[in-house]
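Report on one structure; see the data block that follows.
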Amino acid sequence: MMESLPFDFDAHCPKGPLDQRWTQHKYHLQVVSPANRKHYKVIVVGTGLAGASAAASLAEMGYQVESFCFQDSPRRAHSIAAQGGINAAKNYHNDGDSVWRLFYDMIKGGDFRARESNVFRLAELSTSIIDQAVAQGVPFAREYSGYLANRSFGGAQVSRTFYARGQTGQQLLLGAYQAMSRQIAAGRITQHSRCEMQDLIMLNGQAKGIVSRNLVTGELQAHLADCVVLCTGGYGNAFYLSTNAKGCNTSAIWRAHKHGALFANPCFTQIHPTCIPQHGELQSKLTLMSESLRNDGRIWAPKDIADCDKAPATIAEQQRDYFLERLYPAFGNLVPRDIASRAVKHICDAGRGVGVEIAGQRRGVYLDFADAIAQQGLDVINEKYGNLFDMYERITAEDPRQTPMRIYPAVHYTMGGLWVDYNLMTTVDGLFAGGEANFSDHGANRLGASALMQGLADGYFILPATVSDYLAKQHPIRPQDFAAEARNAIETVRLRLDRLMNAPSPETAPDVFHRELGEILWHACGMAREASQLKSAITEIQQLRERFWQHVKVTGSSDTLNQTLERAARVADFLELGELMCLDALQREESCGCHARVEHLTDGGEVQRDDMQFASVSAWQYSGDVSEPRLLQEPLLFEFVSPGVRSYR
């Protein structure tokens with residue numbers, strides 16, 4: 001079967017001792033001489049941690065880089081919202097941490113659904129990321145001695161998470177942004193802000209550029225390059241309500257998918273347990289509370305349903321159920337996100353939730369800092385979490401120093417994404433994907449503080465080596481050779497935008513369709529999945545998509561600023577991806593990590609993997625019909641870790 005594929009479906013993972021694979025692999029990669037690098041151009045789409053670090057690193061090496069973001073500034077990318085920290089196996093606390101332990105924790109945390117080679121490389125590079133960030137002046141928290149401070153995070157029993165209060169993503173992004181700004185000033189990076197990628201430009205099966213739309217003027221423009229790197233983040237906003245910024249979308253990677261890039265594990269979407277609960281039916285955005293809060297906060301719910309509408313201070317200690325500590329004594333409140341999220345859901349489904357009722361159910365439990373404040377003092381707790389407390393108070397008008405926070409799970413991160421090989425190249429020749437846009441490192445569940453680690457590892461260390469290897473085998477392009485392909489790509493985009501602008505019976509705003517899609521996905525493909533619900537959801541999404549193209553109403557014009565058109569284009573892609581997410585969840589007849597099929601849970605509600613049938617990556621190929629994609633499977637081989645029962649008890 002593999003011989004008939006029109007692309008290379010080989011992960012190209014190196015062999016040999018695991019701790020030598022990346023070093024040996026880099027030795028065999030080809031390089032471009034410094035004098036020749038200025039003749040090559042690389043397009044990097046996205047300016048989050050992966051995109052900014054990749055653009056800065058490639059430009060520092062001497063390549064010409066064109067960088068694109070839809071925000072008004074590269075430093076407004078969504079990476080800025082990350083709060084709790086970044087993992088690295090420095091073992092500063094001398095508590096037994098190592099690269100191997102970090103590797104094992106990530107493999108286990110992903111429920112044995114990730115490649116060993118990729119995960120070990122990430123663990124190995126983690127220490128270099130911290131050195132790079134410190135050299136850039138990132139203001140990590142420090143101990144009295146001057147050493148960088150660490151704290152623990154979910155899924156680990158050691159302290160390996162480096163942090164800058166609750167602003168770690170912002171500070172790391174500013175470090176990458178200043179490196180990028182240096183290259184912009186040097187003339188090696190051309191930055192395009194308020195520009196959104198609309199399509200790939202292809203020639204003979206190779207990615208040779210993109211079509212962008214200027215979001216202010218509406219102008220469509222072709223940009224040509226020797227290769228393209230997508231660092232455009234995840235697709236969690238398919239659910240409408242998520243912790244993602246409202247602008248986050250799937251359009252860039254979905255355009256790539258429809259040009260032949262395989263989409264891997266789309267049903268693996270992470271639910272974060274510590275988010276501010278929804279307050280109303282028409283709410284359009286959820287807010288994340290850092291997982292770091294679970295270091296000192298204790299999660300509980302009333303034992304008695306009759307106490308759920310009482311003020312928490314009036315509920316006696318013996319009437320409180322610290323259910324994570326009860327269920328998982330080894331890890332307590334620091335179990336991984338998928339475990340904690342399902343436990344919170346079970347409590348609320350049993351009627352023991354607290355807070356505002358949504359659709360007849362109280363969706364919230366308490367995150368309480370009273371014990372920590374009593375033991376450590378208010379000043380110490382404020383120093384750790386003060387800015388997070390302030391953010392919570394601004395949103396809820398409640399001070400968590402006095403009243404326990406209320407939290408409930410929400411869609412946060414996506415482990416699925418474009419399939420990439422060990423070099424982070426997709427099945428489209430010359431198209432790379434980094435950060436959350438690819439699927440490569442987290443398996444079925446991401447451990448907290450590993451997202452920032454992956455984005456910076458991809459951008460600072462992996463892509464500069466693998467992109468150079470690719471370019472060393474290519475002749476620099478001549479833009480005049482691609483004029484016809486560029487014109488055709490622009491015309492294809494123009495026709496799609498015209499279709500959005502001119503629905504047969506325009507009457508409904510794009511957000512209405514998006515909200516309905518989100519409801520379908522949350523109930524059928526959220527924290528729990530079941531075959532009959534998934535089948536119904538697929539039909540509902542198909543019908544919703546048909547109604548969308550008949551009735552979406554986009555006012556204004558396509559040749560000027562038009563945010564309704566922007567949203568409509570993104571919703572159109574979510575409506576196609578949403579169906580693929582449900583198809584993927586339906587075919588994976590097991591439970592693993594975040595993917596909890598109710599038919600495959602233990603009596604205690606824990607997931608049950610099927611390693612005989614599903615120890616593999618599900619990679620989907622676009623067939624020309626979004627409802628009939630082709631499924632390919634990449635077997636996952638475990639040479640150094642034996643998949644076992646994923647227990648945190």
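These values consider heavy atoms only, across backbone and side chains, with no hydrogens, waters or symmetry-generated copies.
Counting heavy atoms from C-beta outward, Arg545 and Ile541 have side chains that approach closer than 4.5 Å. Considering only heavy atoms from C-beta on, Leu230 comes within 4.5 Å of Met197 through its side chain. Side-chain contact between Pro409 and Lys345 is absent, with no heavy-atom pair separated by less than 4.5 Å. In this structure the side chain of Met415 never reaches within 4.5 angstrom of the side chain of Asn265, judged on heavy atoms. Using a 4.5 Å cut-off on side-chain heavy atoms (C-beta onward), Ser53 and Asp458 make no contact. At least one side-chain heavy atom of Leu583 sits less than 4.5 Å from a side-chain heavy atom of Ile538. Taking 4.5 Å as the limit, every side-chain heavy atom of Phe548 sits out of range of all side-chain heavy atoms of Glu516. Cys594 is not listed as a side-chain neighbour of Ile271, based on a closest heavy-atom distance of 4.5 Å or more.
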Test side chain to side chain contact (heavy atoms under 4.5 Å, CB included) on Lys553 and Thr508 and set out the steps. CA-CA 5 Å; Lys553 183 176 182 179; Thr508 307; 5.7 Å; no
Does the side chain to side chain donor-acceptor pair (under 3.5 Å) test come out yes or no for His595 and Asp584, once each step is laid out? CA-CA 10 Å; His595 173 61; Asp584 187 45; over 6 Å; no
Report the C-alpha separation of Leu517 and Phe239 in whole Å, then their side-chain angles, then the decisive distance to 0.1 Å, and conclude whether the side chain to side chain contact (heavy atoms under 4.5 Å, CB included) test is met. CA-CA 7 Å; Leu517 172 66; Phe239 289 84; over 6 Å; no
Please lay out, stage by stage, how Met391 and Leu388 fare under the test side chain to side chain contact (heavy atoms under 4.5 Å, CB included). CA-CA 5 Å; Met391 181 170 69; Leu388 296 171; 4.2 Å; yes
Side chain to side chain contact (heavy atoms under 4.5 Å, CB included) between Ser284 and Asp511: does it pass, once the steps are laid out? CA-CA 9 Å; Ser284 62; Asp511 278 358; over 6 Å; no
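Although no hydrogens or angles enter the test, the distance criterion places no donor-acceptor pair under 3.5 Å between the side chain of Asn445 and the main chain of Gly593. Under a 3.5 Å cut-off, the side chain of Thr426 and the backbone N or O of Leu431 do form a donor-acceptor pair. With hydrogens and angles ignored, the 3.5 Å screen pairs no side-chain donor or acceptor of Asp610 with any backbone N or O of Phe614. One N or O on the side chain of Thr427 and one on the backbone of Gly260 form a donor-acceptor pair closer than 3.5 Å. Looking only at distances, no side-chain donor or acceptor of Tyr622 sits under 3.5 Å from a matching main-chain atom of Trp254. Judged purely by atom type and a 3.5 angstrom limit, Ser591 uses its side chain to pair as donor or acceptor with the backbone of His600. A donor-acceptor pair under 3.5 Å is formed between the side chain of Glu599 and the backbone N or O of Ala531. Although no hydrogens or angles enter the test, the distance criterion places a donor-acceptor pair under 3.5 Å between the side chain of Arg362 and the main chain of Gly355. Without hydrogens or angle criteria, Asn237 side chain to Ala245 main chain gives a donor-acceptor distance under 3.5 Å. Asn502 places a side-chain N or O within donor-acceptor distance of the main-chain N or O of Asp498, the cut-off being under 3.5 Å.
With respect to Arg337 and Glu291, a salt bridge is recorded, a charged nitrogen being found less than 4.0 Å from a carboxylate O. The pair Asp338-Arg342 meets the salt-bridge criterion, with a side-chain N (NZ, NE, NH1 or NH2) lying under 4.0 Å from an Asp/Glu carboxylate O.
When ring centroids are compared, Tyr240 and Trp522 stay outside the 6.0 Å threshold. Proximity of the aromatic rings of Phe263 and Tyr235 is defined here by a centroid distance below 6.0 angstrom, and this criterion is met.
In terms of heavy-atom proximity, Leu500 sits nearest to Ala572 at CD2-CB, 4.5 Å. Nearest heavy atoms, Ala568 versus Val552: CB-CG2, 4.4 Å. Residues Leu577 and Pro266 approach most closely at CD1-CB, 4.5 Å, considering heavy atoms. Across every non-hydrogen atom of Ile520 and Ala537, the tightest pair is CG2-CB, 3.6 Å. Among all heavy-atom pairs drawn from Pro74 and Leu173, the shortest one is O-CD2, 4.3 Å. For Asn562 against Ser557, the heavy-atom pair with the smallest separation is ND2-O, 3.0 Å.
One finds the CD atom of Gln533 at 12.0 Å from the CG atom of Leu586 (value rounded to the nearest 0.5 Å). For the atom pair Leu262 CG and Trp620 CH2, the distance stands at 11.5 Å (nearest 0.5 Å). Distance check: Arg113 CZ to Cys592 SG gives 5.0 Å after rounding to the nearest 0.5 Å. Taking NE2 from His442 and CG from Asp111, the interatomic distance works out to 15.0 Å, rounded to the nearest 0.5 Å. Here the SG atom belonging to Cys231 is positioned 11.5 Å from the CD atom belonging to Glu436, to the nearest 0.5 angstrom. Here the CG-CD distance, from Leu215 to Gln71, works out to 10.0 Å after rounding to the nearest 0.5 Å.
Cation-pi geometry between Arg570 and Phe70 is met: under 6.0 angstrom from the ring centre, within 45 degrees of the axis.
Within the structure, no pair that satisfies the salt bridge (charged side-chain N to carboxylate O under 4.0 Å, His left out) test touches residues 517-540, not counting sequence neighbours. Contacts classified as salt bridge (charged side-chain N to carboxylate O under 4.0 Å, His left out) and involving residues 66-84 (residues at least two apart or in different chains) are given here: Lys41-Glu66, Asp72-Arg76. Here salt bridge (charged side-chain N to carboxylate O under 4.0 Å, His left out) pairs that include residues 250-275, with residues two or more places apart or in two chains, are Arg255-Asp573, Lys258-Glu576.
With hydrogens and angles left out, the side-chain atoms of Thr190 and His192 include no donor and acceptor closer than 3.5 Å. A donor-acceptor contact under 3.5 angstrom links the side chains of Glu579 and Gln542, judged on distance only. Counting only N and O atoms by type, the side chains of Gln454 and Asn438 include a donor and acceptor under 3.5 Å apart.
Sparse packing is recorded around CD of Glu628, with 12 or fewer heavy atoms of other residues, nucleotides or ligands lying under 6.0 Å away. No more than 12 heavy atoms of other residues, nucleotides or ligands shown are found within 6.0 angstrom of CD on Glu546.
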